[in-house]
Amino acid sequence: MAMNLLHQRRCSSVGWADMVRDELLPWALADVELGDQTLEIGPGYGATLGALIERADAGHGSRSR
C-alpha cells in the first residue's frame with residue numbers, strides 16, 4: 001500500500017529521524033544489546049536503519065557490516 005503525502009513527508013524528515021534516534025529506539029531497545037548480526041527488516045526511508053547502525057556501532061566501538 002502506498003503512503004499518503006503527509007506520511008511520506010513525515011517519515012522522510014530530519015525531525016522523524018531525530019525522534020527515532022533520540023526517543024523511539026532508546027525506549028524500544030532499553031534492555032537490548034545489539035550484536036554484530038543485527039538484522040533490521042522493514043520498508044521506509046532508512047531513519048530506523050541509520051539509528052540502529054549508530055547504536056550498534058556505539059556498543060562495539062567500530063562499524064561492521
- OG on Ser13 to CD on Gln8, rounded to 0.5 Å: 12.5 Å
- Gap separating the CZ atom of Arg10 from the CG atom of Leu5, nearest 0.5 angstrom: 14.0 Å
- Check which hydrophobic residues are tied to Leu39 through side-chain heavy-atom contacts below 4.5 Å, counting indirect links as well, and list them. Ile41
- Determine the minimum heavy-atom distance between Ala51 and Leu25, stating which atoms define it. CB-CD1, 3.4 Å
- Note on the structure: Heavy-atom closest pair (Ala17 atom, Ala47 atom, distance to 0.1 Å) is CA-CB, 3.9 Å
- Query: Are Trp27 and Trp16 connected, step by step, through hydrophobic side chains (Ile, Leu, Val, Met, Phe, Trp, Tyr) whose heavy atoms are closer than 4.5 Å?
  - Reply: yes
- Task: Find the distance between CZ (Arg55) and CG (Leu52) and round it off to the nearest 0.5 Å.
- Result: 8.0 Å
